[in-house]
Amino acid sequence: MGKEAKNDEIDILFQMLLIRRFEERASQQYQQQKIGGFCHLYIGQEAVVSGTVAVLRPDDYIITAYRDHGHALARGTSADACMAELFGKATGCSKGLGGSMHFFDVKNHMYGGHAIVASHVPLATGMALASKYKDEDRVTVCYLGDGAINQGSFHEALNMAGLFELPVIYIVENNQFAMGTHVKRSIPMDKIVDRAKGYGMKSAVIDGMDVRAVIKDFTPIVEDVRKNKQPWFIEAETYRYRGHSMSDPATYRTREELEKRKEQDPISKLQSDLIKEGKLTQEKFDEMDKKAKKISLDSVAFAEASPQPPLDELYNYTYYAEETK
Amino acid sequence: MGKEAKNDEIDILFQMLLIRRFEERASQQYQQQKIGGFCHLYIGQEAVVSGTVAVLRPDDYIITAYRDHGHALARGTSADACMAELFGKATGCSKGLGGSMHFFDVKNHMYGGHAIVASHVPLATGMALASKYKDEDRVTVCYLGDGAINQGSFHEALNMAGLFELPVIYIVENNQFAMGTHVKRSIPMDKIVDRAKGYGMKSAVIDGMDVRAVIKDFTPIVEDVRKNKQPWFIEAETYRYRGHSMSDPATYRTREELEKRKEQDPISKLQSDLIKEGKLTQEKFDEMDKKAKKISLDSVAFAEASPQPPLDELYNYTYYAEETK
Amino acid sequence: MREITYRQALNEALFEEMERDKNVFLIGEEVAEYNGAYKVSQGLLDKFGPKRVIDTPISENGFAGMSIGAAMVGLRPVVEFMTFSFSLVAFDQIVNNAPNMITMSGGQLHVPVTFRGPNGPAHTLGATHSHATESLFANFPGLKICTPATPRDAKGLLKTAIRDNNPVLVLECELLYSVKGLVEDEGEELLIPLGSAEVKREGSDVTIICYAQTVPMALNAAEELSGMGINAEVLDLRSIRPLDLDAILASVSKTHRVVVAEQDRPVCGIGSEITYQIQHHIFDELDAPILRVAQEDVPMPYNELLEIAVLPNSEKIVNAVKRVCNL
Amino acid sequence: MREITYRQALNEALFEEMERDKNVFLIGEEVAEYNGAYKVSQGLLDKFGPKRVIDTPISENGFAGMSIGAAMVGLRPVVEFMTFSFSLVAFDQIVNNAPNMITMSGGQLHVPVTFRGPNGPAHTLGATHSHATESLFANFPGLKICTPATPRDAKGLLKTAIRDNNPVLVLECELLYSVKGLVEDEGEELLIPLGSAEVKREGSDVTIICYAQTVPMALNAAEELSGMGINAEVLDLRSIRPLDLDAILASVSKTHRVVVAEQDRPVCGIGSEITYQIQHHIFDELDAPILRVAQEDVPMPYNELLEIAVLPNSEKIVNAVKRVCNL
Ligand SMILES: Cc1ncc(C[n+]2csc(CCOP(=O)(O)OP(=O)(O)O)c2C)c(N)n1
Ligand SMILES: Cc1ncc(C[n+]2csc(CCOP(=O)(O)OP(=O)(O)O)c2C)c(N)n1
Ligand SMILES: [Mg+2]
Ligand SMILES: [Mg+2]
């Protein structure tokens, strides 16, 4: 699973670019009221999902919270299906029934998109249980926020993951804030990663603003989990550039703090590293960026043109009809 | 708060004896179907509550789970009121409305008796919050079982106790089993006390079969909490002699294991230590035991003779009528 | 047919479905080594081993959610709650994740999980341990709920529940576990559809609608009423969701009088929903107001006499029937 | 009287009660430094400081339970749930500990805690974030529940709730936070009793029973109906528990026809309970079956058009009224 090859890094760079451009476009569409509900942007955190997904096998399971656009895109959901979902259209990745917080793409093994904080942590743990039950060597990756580690469901799930020795990796995307609450105001310890000690769980801190570091540090962890079927707890240090959701002005932090964080921008970093190393030119980068922007813009047109979910199907999604044989 | 004086140890010995004899009597009455519902005996664990309560001030708050007879007795609830509660009589410590699992004696600052596993851990934490809010130097002691540390409510409460720096002590009475589940089958770590690390909480292991050790180790902890308003997490190693509840034959452990544990019996230990040290004679001990037995027997007569709660008061305990001024 | 207990019937259902489909597994507190707090899972660990009969820590929210997760990727978990009073700490997983997944994923996922265990008041367990949860869960579209009252229904409904591709709650009764009844022989496949009520006693003067614990009470009441010249029909709902409205309306169209005997608390309970449905669909068929016999509207006291006063029983049902029949 | 928003009214209630009694404090997610996710607690931290306006981690079960514990020893916590959809993870504490403590302790303890926050569907928030929880909580004796629909009711009910010595749920509406209405001047004490409904519009032909979000819908519907010659009475329940049965029966005895407009899911919802009560007490006064206008019985879809199809609205109320009036 070595990810050192030049092409792969270019792909990963493009992946991050696409997430960013897609969400910038989504932000604009939200402001134009084409998108409803709550909408949480991932901008700034792209290295975490792009790097970790690059290490995974396509058939590994991933699952995350409501800040999920990047996770779907990284897993291969088309920008069209993502934008259409935001628009609530029938062509959306959840047929317009889920919305921003509930992106699903089961074909690509992306199991949501879950909006009750930490409620997906037991789900992830059960998915890993299923893999072990079926003797598969699949790994489940559960992304969650720094705020989620204070929910009871997180606790119960981690204890059982350790007890049952399940092949699951919990990645806390520590973007420093849960809404307006800095992580210092939500836990009594200095570091999130210390929570793992209460479960005797293997743990690591990774630099979530540096996609190369993510890949480097995450690779042996995935190998360990796949082989030894024991859970890991990872704190990925990162930062979100935007407010918690589209309606949050984020006055709880200074402009200076934000600007300082942006100096570590994961896209700029990989871009300049690759250029320095002669693996990328500015022209090629601009081209990639243009492409990412075009895909995002096109996804708006696609979403606009897509049909609403049919009213007469309203009752078709309450119960699954087909009986087992 | 030194508890070294001879008289105090005699009192504590009597305290433990009374709990044991009371519960032996309760067990007999349960078998005669004078007592209903679930009934969980504390026999074997007496040193934990007797030792810790001896260190506390009478106005400190205590709260526990459903295995609560010993806690009420240790706090000064009369055997009569306890037995009457088991009988469901109006003279019971909860007027016959609570039963074995819901002993309350607010006058003596015993706040229950809570039967949903770990659901009282947030309550305890809130009581400690209230003490701090009111600038009192009260300490709250929350007793819980080894099985309770895997509930979400435990987790959420401990995180906040640390974060808000609350004067609360969590004492896990590790009697090795949650019903038929040995503690090794409920957590992935070796030792329960390690759970504290996930909250960066001060912690200690104490020998819950040796009341002198309990008192010695618990005294500085209470002082620390009272002074520094920071929570502690304590694992008290102990053992229950009886089944989980009256209906559990406890076939999940061997007779040998049980007999081996009984060699550490907290009552016998203090008794023989005191005799060895010339602070107690066998005659005096027999007298104390006789007294404990008589109190327990008398409590049955009291409970028998007590009235049922009046039917026409059935609706009087749903809402608290008196409005605040 | 042979006589077995309700407990044995549930046990057979688990056995048969686990034999039939290797994706079915049982998870919960004390289900494996202890053979179940109420011995419903007796022998399953021996037969199927620890991979398929899983003891958990006391973490209802966690293992309910894990089971939903396992069901999302193709397993068919059966979750035992030691009692449904403890399902309240797992409430969010049961009502938010299980029933909403199919909608939220636009139909990509479904959740074939069964939640089962004793539900409703047993005997002097006090306020925290006596919850009847059926009306709470009934509020949530996406869940199915059944409430067996006899060994036969217990076996047939649990088997159907496990095969259903949706989250199903099988709300059993602790007080019925040791009650015996006739059940098809072991070789015979017994599947009772969800959403199908059963007339447990035919009658013409009044319909007593009941389920779970109140079925034997209603049958006793009907016996007693027949001595007074009242011929009561006893309709056992068997399922709460889907509700067998056809059966309800058919019976009431015949009798024109209704008592709902329910084991839950009254406010927004099962009786209230049934009342709405009946008056909505066949208002003119009703000759008298519908009466419900539910718990008294108070937290459950421990004391036995008070508990008796709170709970529904045959006598209260008889009195309610007399009232709706203007006697 | 002056015009203020529903949000402002709630804010004033908190201010006044915290000024009045130093044992009252506010606790929840983002209530302090962020001034509330919906700004209901604006300015409280500045005024009362962090001891009395407490930001928590995302631990609803924990801080709900802590507040119950604090109330057991004499404080009067006001708990904000960011929305009541998140109260589902705290369900056990709210329904088991809060209402049962007085019974279990034989009257030694009571729990003067207020749980408040927006409840019910807002706008395109999807299945997990749109829960109307009133019928779930209504099932539990020991709880009180109110559902203000106007700024005046919001202020008066919240103030009363905080002073009440029992656990009270104040179920607010996100969609009403910015709506304005007349409220008594700031100096004037405004307390609206729990359990007291209000006729928001008098009428004689039909009673539209409503609460919270459905009150403005019902008033709109009544307006429209008056154009068709139907004079509808609009009865705002204001409290769900205790229910103002007298007011309901008085109105229905006058109009003989009822539509219940409710924001919750239908099965075992508020409308079902009200239907039971009405037919139970004044069966003969009813000239037509009671109709409820509730949510459609499906998990809430995100898509706006589908959401509109699921939710109650004025048009649906008008149609229901026409049906009960045989038009
Ligand atoms: C149980 C629950 N409580 C509260 C909320 C409201 N809420 C949504 S996101 C959020 C903050 C979560 O922060 P974090 O876990 O750090 O994730 P991030 O938003 O930073 O990605 C809160 C409080 C919720 N969705 N679920
Ligand atoms: C939430 C919840 N789940 C399950 C139970 C059933 N139950 C009662 S006691 C118990 C075991 C608790 O063991 P532990 O915490 O070690 O306390 P001990 O009985 O040993 O004192 C269980 C599973 C319960 N009361 N509450
Ligand atoms: Mg965060
Ligand atoms: Mg134990």
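Lettering follows sequence order; numbering is per chain, from 1.
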**Student:** Who wins among C/I102, C/L291, C/I282, C/N61 for the most heavy-atom pairs under 4.5 Å with chain D?
**Tutor:** C/L291
**Student:** Select one option (side chain, backbone, both, neither) describing which atoms of C/A90 are under 4.5 Å from chain D's heavy atoms.
**Tutor:** neither
**Student:** Sort by residue number and list every residue of residues 265-277 of chain C having at least one heavy atom under 4.5 Å from chain D.
**Tutor:**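 The residues closer than 4.5 Å to chain D, in numerical order, are C/R265, C/P266, C/V267, C/C268, C/G269, C/I270, C/S272, C/E273, C/T275, C/Y276, C/Q277.
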**Student:** Mind checking whether D/F91 and C/V95 have side chains closer than 4.5 Å, heavy atoms only?
**Tutor:** no
**Student:** With only heavy atoms counted, which part of C/V89 is less than 4.5 Å from chain D, the side chain, the backbone, both or neither?
**Tutor:** both
**Student:** Stepwise, does the side-chain contact (heavy atoms from CB on, under 4.5 Å) test hold for D/R241 with C/D297?
**Tutor:** CA-CA 11 Å; D/R241 201 184 242 277; C/D297 191 27; 2.8 Å; yes
**Student:** For residues 96-107 of chain C, which residue pairs pass the side-chain hydrogen bond (donor to acceptor under 3.5 Å, both in side chains) check, not counting sequence neighbours?
**Tutor:** C/D92-C/N96, C/Q93-C/N97, C/N96-C/N100, C/N96-D/H131
**Student:** Step by step, would you call D/H280 with C/I290 a side-chain contact (heavy atoms from CB on, under 4.5 Å)?
**Tutor:** CA-CA 6 Å; D/H280 174 42; C/I290 298 166; over 6 Å; no
**Student:** What distance do C/N139 atom CG and D/T133 atom OG1 have between them, rounded to the nearest 0.5 Å?
**Tutor:** 9.5 Å
**Student:** Do D/L136 and C/F140 make a side-chain contact, defined as non-hydrogen atoms from C-beta onward lying under 4.5 Å apart?
**Tutor:**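 Yes. Closest side-chain heavy atoms under 4.5 Å.
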**Student:** With a 4.5 angstrom heavy-atom cut-off, is it the side chain or the backbone of C/D287 that approaches chain D, or both, or neither?
**Tutor:** backbone
**Student:** With a 4.5 angstrom heavy-atom cut-off, which part of D/I240 approaches chain C: side chain, backbone, both or neither?
**Tutor:** neither
**Student:** Under a 4.5 Å heavy-atom cutoff, which of C/P99, C/P301, C/A288, C/S135 has the most pairs with chain D?
**Tutor:** C/A288
